[in-house]
Structure formats: C-alpha cells, structure tokens
Visitor: 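Okay, here's the structure, questions in a sec.
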Protein chains: 2
Amino acid sequence: MAKVDLKTLADELGLSVSTVSRALSNKPDIGVKTKNMVLTLARERNYQPNAYARSLRYRKSKTIAVVLPEIANNFFSQVIEGIEEVAAENEYHVLVYLTHESLQKEINIVRHLQSGRVDGVLISISSETVNVDHLNDIRNMGLPLVFFDRISKKLKTPSVTTNNYEGGIQATMHLIEAGSKKPAYFSLSQNLSINQNRMKGYLDALEKKGMPNCTYILQGGNDHEVNVGIMSKLLKSSDRPDGVFACVEELAIATYEACSSVGLRIPEDVKVVCFSNLHTASLLQPSLTTIRQPAFEIGKAAAIILFNLLESNEKIEYSNEKKIIDSILVKRNSTAVH
Amino acid sequence: MAKVDLKTLADELGLSVSTVSRALSNKPDIGVKTKNMVLTLARERNYQPNAYARSLRYRKSKTIAVVLPEIANNFFSQVIEGIEEVAAENEYHVLVYLTHESLQKEINIVRHLQSGRVDGVLISISSETVNVDHLNDIRNMGLPLVFFDRISKKLKTPSVTTNNYEGGIQATMHLIEAGSKKPAYFSLSQNLSINQNRMKGYLDALEKKGMPNCTYILQGGNDHEVNVGIMSKLLKSSDRPDGVFACVEELAIATYEACSSVGLRIPEDVKVVCFSNLHTASLLQPSLTTIRQPAFEIGKAAAIILFNLLESNEKIEYSNEKKIIDSILVKRNSTAVH
DNA sequence: TTGAAAGCGGTACCAT
DNA sequence: ATGGTACCGCTTTCAA
C-alpha cells in the first residue's frame, strides 16, 4: 500500500487537489456527489492527511512536550498518566523528554522545543536547574509553559504543586507526636522547590514544638546506594535520630534498607514518614506512613491549565496561576507509637 | 522575541534565503565570510529551524511513537526509560500514547500514526487486541513496527520479550519445591501473549511434577478491587490454593491484600510468586519472590532494533527478529519454606 | 559564491 | 461547485 496524499486521490478521481481538500475538510461549497466520491475513495485508500504539512500551514502542531527528570518513578509516571488523559481528550500528542537531573540535558531539550515542534510545554525542572534563562527563552517565544511539582520562582508562569510546606509541618508534627525526640530530615537537592518547602515545614514544626535545637538535616542525592550508605552511617552514630522525615519515597526506601542493615527496627527504634504515593505503602514491612501526593491529579491540573492557555489566545505572559493540590497524611505503622 | 526563520535572517543580512540555508547547513559552496555572518546572527537570534518544514521536506520526522496500555506501572515506565535513552542518543523524539487496554483506543492511535507523524512505532498491545488489522496497516505503509513484551503472533515483525514460558516453569517449580501442594495461577487476560506463555509454563510444570490434576486458574482483570475480591473469595473456599503464581505484580499485590483480608499468612498458609521488577519487592511484608524482568533492557533492546530498521533502508517487511531477554527468579520470603 | 524557483502536502483565497 | 495559485519554512537543483 503506497502512501496516499491529496494528489493521489485527485488524480484518481479526475478532480483538482483543492476540491478534494474541500471535500475532506467538510467545507460547504462542494457538490454532494463529488464529496461522497472523495470520501469513499479516501476511506478505501485509508487516507491520512500529512500531520506536518498541516502543522506547517496552521502553525499549530497539536503536540505538547513534557519535560521531567525521570519516568521510572511512581510520582512522575502517574503525573504523565494524568497529562496524557487530558491531552488525549483534546486530541493532542505528547512528547516526553527526560533530563535525568541534568541541567545541560534540560537546556538542550528546551532548545529543541523552540523549533515549532510543540504548542506548549509542561516541565518539572532538574535538581541542577537554578538559572532558568533557557525557560525564559521559551516564554519569550510565546510558547505557553506550565510548571508541575518542581518549580522555579524566578519565572512568572503557571504552576501546579502540592502543599509542600504544610505537608512538611504535618509530617514532622506527626513524628514528634509519635514519640520522636530527634527527628531528622532526609533532604533531596537543596535547589529544589519541593525540598526547600518541605524542609522549611520541618524546621518550623520543630520551632513550634519548642525543639529548635533538635534539627538534623541529612543530605541525600540521586544514587540509591549512596543514600543507603549515608543513612546507615548516621544511624550507627551515638546521637542517631529516632525519626526520619524523608523528602521523597526513594529516600524513605533507603532509610528502610539502612535500618535493616544496621539492625534498627521501624518504628520501635526509628520512625519514618515521607512524601509518596506508593501503591504498596501499606504492604511494606512495616507499612509506610506517607504524605500522599495526588500525582495523577497534579498531571491533569497542569495539562488543563496548559490547554486553557492554548485555547485562549490571551497574552499568556501575564498568566501566573498557582494551583495547589493538597497531599494528605496517611498514618501507618512506620510511625506507630510503641 | 519574535520567532525567527530563514527569511528573517536573510532580510536582515541582505542575503537570499538559499544562501542563509546553505550557511547553516554547513554546505561547501559558500563564502567563509558570508557563512560566519550568518552563523553569528543565527546564534544571536537563537534561530531554530522549523521542525515540521524540515520533516515535510525530508519526509523524515525524527520521531517515534510508543504505544502501550499504561505508564503508571513499574514495568512500563522502566521500559519507556530504556526507549527514551536510545531515542535521545539518536536525537529522536518520543511520542507516548496510552491505550488503557482498549482496542478501540489502540486503533485510533494507530490510525493517527499513519499521518507521517512518526518514522517508527514501538508497541505493547492492549489486552483486547486479537485482530491486528490496524497494525498490519502500519506495516503495509512501510512504517517499521516493533513489539515489546505483549506481542501478536499474527504479525511478522520484530519483537522483544522475556522468557515467559521458562519463567512460568521456574515460578511454578519453585512454589512446589517450597511445599505448595495446590499452586494456583492468577491469570491476566487470556488474549495476552505474556499470559499465555506464563500459564503454559505453569501447566507444564505441574505436568512435569506429576500433578496435572492440581491446576487451578483464577481469572484476574484490570480492576484492582475486583481482583482482591475474587482472590479473597477463592481463599475462603475449602479447597483453597496454598500457593499463587501471579502473572503480574498487580495480581500479586492483590493476593497480598486478599490474604490479609481473610486472615491467611504468607508464606505459611499461602506462598506467592510473580513476574515483576518492583524495587521494593524485598521490603514488602513478607518480601516478595519475583521472576525479575529486565524492563529497562527490554525497552532499550526494542528501541535499538527499531533504530536499526530505520537506518538500514532494507525491506523491513522481512525482518522478524525475536529477541528474548531473560527474567530471573529471585527467591524471597513469600515462598519461604516454613 | 550566490539567487531564483520548485516542491514537500496541505489549506484557503480568488477566479470562473 | 470547481480549479488555479500562493503560501506555511526549509532544502536543493539549476542558472547566473
């Protein structure tokens, strides 16, 4: 089956290309008989209009880009599922790009997006991203841009996040109320907005509880084995924490493994809580207390904001909607009082 | 910053569009001085060639599509990560489409892909997909198509899978050797190649062990709560199984929840094993014995085959490579001998 | 070395 | 109601 274009159909029917185009686009000024002939043949030949010819003509790609650190991750994969749902409803296509936490990769990706390939961009920035000139370029081109989860305050553009600060407060309060005297914060990159806000919640909660000198912040990273190692080391020290508020799921898992390797019990010796939306949180040994993040809804909300921007041809430069979708504390055994 | 095209640059420099194009494409027949002028201005203006104009001209999109049932899933999200890695190396873009196990959605997606939007397609078919005419259309257009994980034997096209049959044998043998007298198979859709092969492994293993009359196949589906319900019901019956080989991770999780709800202990009362690549398998209560699937490698391998097809302009109709990447049994406590 | 023009596959305006 | 044509942005052949 050779590929079929308007000219193929036109030649075969002895019509002009413009007539065939009209018939297929359901235009009014066309004879009923002609139209049916064209439609019939088009169906028979399984004609599909060339997407890029159309994009070129309309200056619209019907495509959006999702740029994010990784996808093999409960949170991000659910976000994408939410984004895809909205995109599919709008008959848009979704390009996915991974930065693997590298600013340089993020810059390259973003540069490629300035080629008219997409009509809008959804991004969760890398942990290396502090300078956001590359994102400014996108904005300045008039390309709608929406942040989700990891945002930059340096850029005035819509965003969808969760209540990181309040969640941080809740998590920390909960640790203390469960009996933790020395709750530590297991931190992700200090650059990240989510980390900054969760950590601030941690610090403020300790302050409120009259324990401002009990703070302990352990810096984690992207390498799982390293994270397990530093947590194990900390847990072996004499003034080890008796509670851990992990910024993200991966760090809580690392904490579980660390406890196991140094022979400490959860929750008897160490209580653990983290931001997460792990399905199997309740099946872990012990079941994991989480600040459950509505990942799917965050993706949907971000996509909906983007599509609103795409539809309203307003001056998007001034849109600055900040949507917050709350995470909620789900108490399980990792913070049980014993 | 207005959008900049060749004409913008040409006008500003008092050159023709073709000269500017030549300079940027690094063509030989161009004056050094002119070339530098052009390159300098292009950089200054951050010129990005229009992707779709290029695609139209070259009849190449530098884009591939990944079509799969869902993405909020350990297995599939890791597969995509593998695919993305290879695509990024080849400077290709990746469109992601979700079928949500719906044949109709799969057909619609695939139809849209016949618009020249992509140069190749990677697909893991939906559980409803038996008839593959829509995939044949793709093939007949000359669009390279590679199956991963869930394949159809009706189509002669390359595929990457894991050793489902042997894994099924191993899993079942292991259950029996751990003491299970009545191992059940918790089945996914009967349509699926992965399910058929794993189930055949189960049946053959029972045969080999001289227990051909001990087979029990429980039909699961896509609704988690329903799966938990039917497994709970089975576990409450008098001739309940004392071992469960779950086709996929989700069904094993459902089994855990069912055991918990009916008060049966794993592994004392019921032993559980499944195909999975769950990171937290070892942290579950009890830790879960898995046939560990190399999801990332499967994605990479599928993408590599696709890119080989794209590069070699051979008659792809005759390529039929069947790559198998082995999964391995990882014994944990859910099948411990007690 | 440079420019003009055709064409990739559509759409839409202007004739007829 | 239908056809001719210009154009979307870029590449490439052909002429100069």
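What you are looking at is a predicted structure, and each value in this text was computed from that prediction instead of being measured.
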Visitor: Name the nucleic acid region contacted by K7(B), choosing base, sugar-phosphate or nothing; use a 4.0 angstrom heavy-atom cut-off, strictly under.
Guide: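 Nothing, no nucleic acid heavy atom in range.
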Visitor: Any base atoms under 4.0 Å from N50(B), or only sugar-phosphate, or nothing? Heavy atoms, all strands.
Guide: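 Sugar-phosphate only.
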Visitor: Which residue, L56(B) or S18(B), contacts DNA chain D at a nucleotide closer to its 5' end, judged by nearest heavy atom?
Guide: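 So the residue in question is L56(B).
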Visitor: Atom CZ of R22(B) and atom C1' of dT12(D): how far apart are they, to the nearest Å?
Guide: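 Whole-Å distance recorded here is 8 Å.
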Visitor: Categorize T34(B) for me: base, sugar-phosphate, or nothing, with a 4.0 angstrom heavy-atom threshold over every strand shown.
Guide: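 Contact class for T34(B): sugar-phosphate only.
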Visitor: Can you find a heavy atom in the side chain of H100(B) that is under 4.5 Å from one in the side chain of E81(A)?
Guide: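 Sidechains of E81(A) and H100(B): in contact.
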Visitor: Tell me the bend of the helix from dT1(C)-dA16(D) to dT16(C)-dA1(D) as the angle between end helix axes, each from five pairs, rounded to the nearest 10 degrees.
Guide: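 The angle separating the two end axes equals 60°.
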Visitor: Using modelled atom types and a 3.5 Å cut-off, is there a donor and acceptor pairing between side-chain atoms of S77(A) and backbone atoms of S77(B)?
Guide: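 Answer holds: no.
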Visitor: For I30(A) and dT16(C), give me the distance from atom CD1 to atom C1', rounded to whole Å.
Guide: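 Result: 16 Å.
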Visitor: Dump the intermediate steps for salt bridge (charged side-chain N to carboxylate O under 4.0 Å, His left out) on R150(A) and E101(A), then the final yes or no.
Guide: CA-CA 12 Å; R150(A) 301 163 165 211; E101(A) 306 287 9; 2.9 Å; yes
Visitor: I need the CG-P distance between D11(A) and dG10(C), as an integer number of Å.
Guide: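 Rounding to the nearest Å, CG of D11(A) and P of dG10(C) are 13 Å apart.
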Visitor: On the nucleotide dG9(C), are OP1 or OP2 found under 4.0 Å from the side-chain N or O atoms that Y47(A) carries?
Guide: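 It does not, given that no N or O in the side chain of Y47(A) lies less than 4.0 Å from OP1 or OP2 of dG9(C).
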Visitor: dT12(D) P sits how many Å from L24(B) CG, rounded?
Guide: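 Between P of dT12(D) and CG of L24(B): 13 Å.
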Visitor: Determine, stepwise, if the pair D119(A) / S61(A) fulfils side-chain hydrogen bond (donor to acceptor under 3.5 Å, both in side chains).
Guide: CA-CA 6 Å; D119(A) 296 339; S61(A) 65; 2.9 Å; yes
Visitor: Determine the interplanar angle of the Y52(B) and Y52(A) rings, folded into 0 to 90°, and report it as parallel if under 30°, tilted if 30 to 60°, perpendicular if over 60°.
Guide: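 Rings of Y52(B) and Y52(A): parallel, as their planes differ by under 30°.
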Visitor: dC10(D) P sits how many Å from K27(B) NZ, rounded?
Guide: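 For the pair K27(B) NZ and dC10(D) P, the rounded distance is 14 Å.
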Visitor: Are any non-hydrogen side-chain atoms of T99(B) and E128(B) less than 4.5 angstrom apart?
Guide: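 No, their side chains stay 4.5 Å or more apart.
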Visitor: Measure from the side chain of L6(B), starting at C-beta and using heavy atoms only, and say which of dC8(D), dT2(C), dC10(D) lies closest.
Guide: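 Side chain of L6(B) sits closest to dC10(D).
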Visitor: Looking only at the side chain of D5(B) (C-beta and beyond, no hydrogens), which of the listed nucleotides dT2(D), dG9(D), dT11(C) gets closest?
Guide: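 Selected nucleotide: dG9(D).
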Visitor: Pick base, sugar-phosphate or nothing for Y58(B), based on heavy-atom distances below 4.0 Å to the nucleic acid.
Guide: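 Counting heavy atoms under 4.0 Å across all strands, the contact made by Y58(B) is with sugar-phosphate only.
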Visitor: Indicate yes or no for a side-chain donor-acceptor contact from S25(A) to the backbone of S21(A) under 3.5 Å, with no hydrogens or angles considered.
Guide: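 Yes, because the side chain of S25(A) sits within donor-acceptor range (under 3.5 Å) of the backbone of S21(A).
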Visitor: Looking at dT12(D), dG3(D), dA6(D), which one has an atom nearest to any side-chain atom of S21(B)?
Guide: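 Output: dT12(D).
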Visitor: Which of these nucleotides, dT2(D), dT12(D), dA6(D), is closest to any side-chain atom of T19(A)?
Guide: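 In terms of side-chain proximity for T19(A), the closest of dT2(D), dT12(D), dA6(D) is dT2(D).
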Visitor: Base, sugar-phosphate, or nothing: which does D29(B) touch, judged by heavy atoms less than 4.0 Å apart?
Guide: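 Contact class for D29(B): base.
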Visitor: Which whole-number value in Å describes the distance from Y52(A) OH to dG9(C) C1'?
Guide: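 Rounded to whole Å, this separation is 14 Å.
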Visitor: With the side chain of P49(B) defined as its heavy atoms from C-beta on, choose the nearest nucleotide among dT2(D), dC10(D), dA12(C).
Guide: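 Among the listed nucleotides, the one closest to the side chain of P49(B) is dC10(D).
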Visitor: Heavy-atom nearest nucleotide on DNA chain C for A53(B) versus S25(A): which residue maps closer to 5'?
Guide: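 Nearest-nucleotide comparison on DNA chain C picks A53(B).
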Visitor: Between atom CG in L9(A) and atom P in dG3(D), what is the gap in whole Å?
Guide: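 About 14 Å, once rounded to whole Å.
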Visitor: Would you find a donor on one side and an acceptor on the other, under 3.5 Å apart, between the side chain of T162(A) and the backbone of I325(A)?
Guide: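 Side chain of T162(A) to backbone of I325(A), a donor-acceptor pair under 3.5 Å: yes, one is there.
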Visitor: For dG9(D), take OP1 and OP2 only and decide whether either is under 4.0 Å from a side-chain N or O of R54(B).
Guide: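 It does not, given that no N or O in the side chain of R54(B) lies less than 4.0 Å from OP1 or OP2 of dG9(D).
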Visitor: Looking at K154(A) and V130(A), would you say the former's side chain and the latter's main chain have a donor-acceptor pair under 3.5 Å?
Guide: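 The answer is yes, because a donor-acceptor pair under 3.5 Å joins these two groups.
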Visitor: Starting from C1' on dG10(C), measure out to CZ on R117(B) and report it in whole angstrom.
Guide: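 Between C1' of dG10(C) and CZ of R117(B): 14 Å.
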Visitor: Among dA1(D), dT11(C), dG3(D), which nucleotide sits nearest the side chain of S16(A)?
Guide: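 In terms of side-chain proximity for S16(A), the closest of dA1(D), dT11(C), dG3(D) is dG3(D).
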Visitor: Give a yes or no on whether a donor-acceptor pair under 3.5 Å exists between the nucleobase atoms of dG9(C), that is its base, and the side chain of R59(B).
Guide: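 Per atom types, no contact qualifies.
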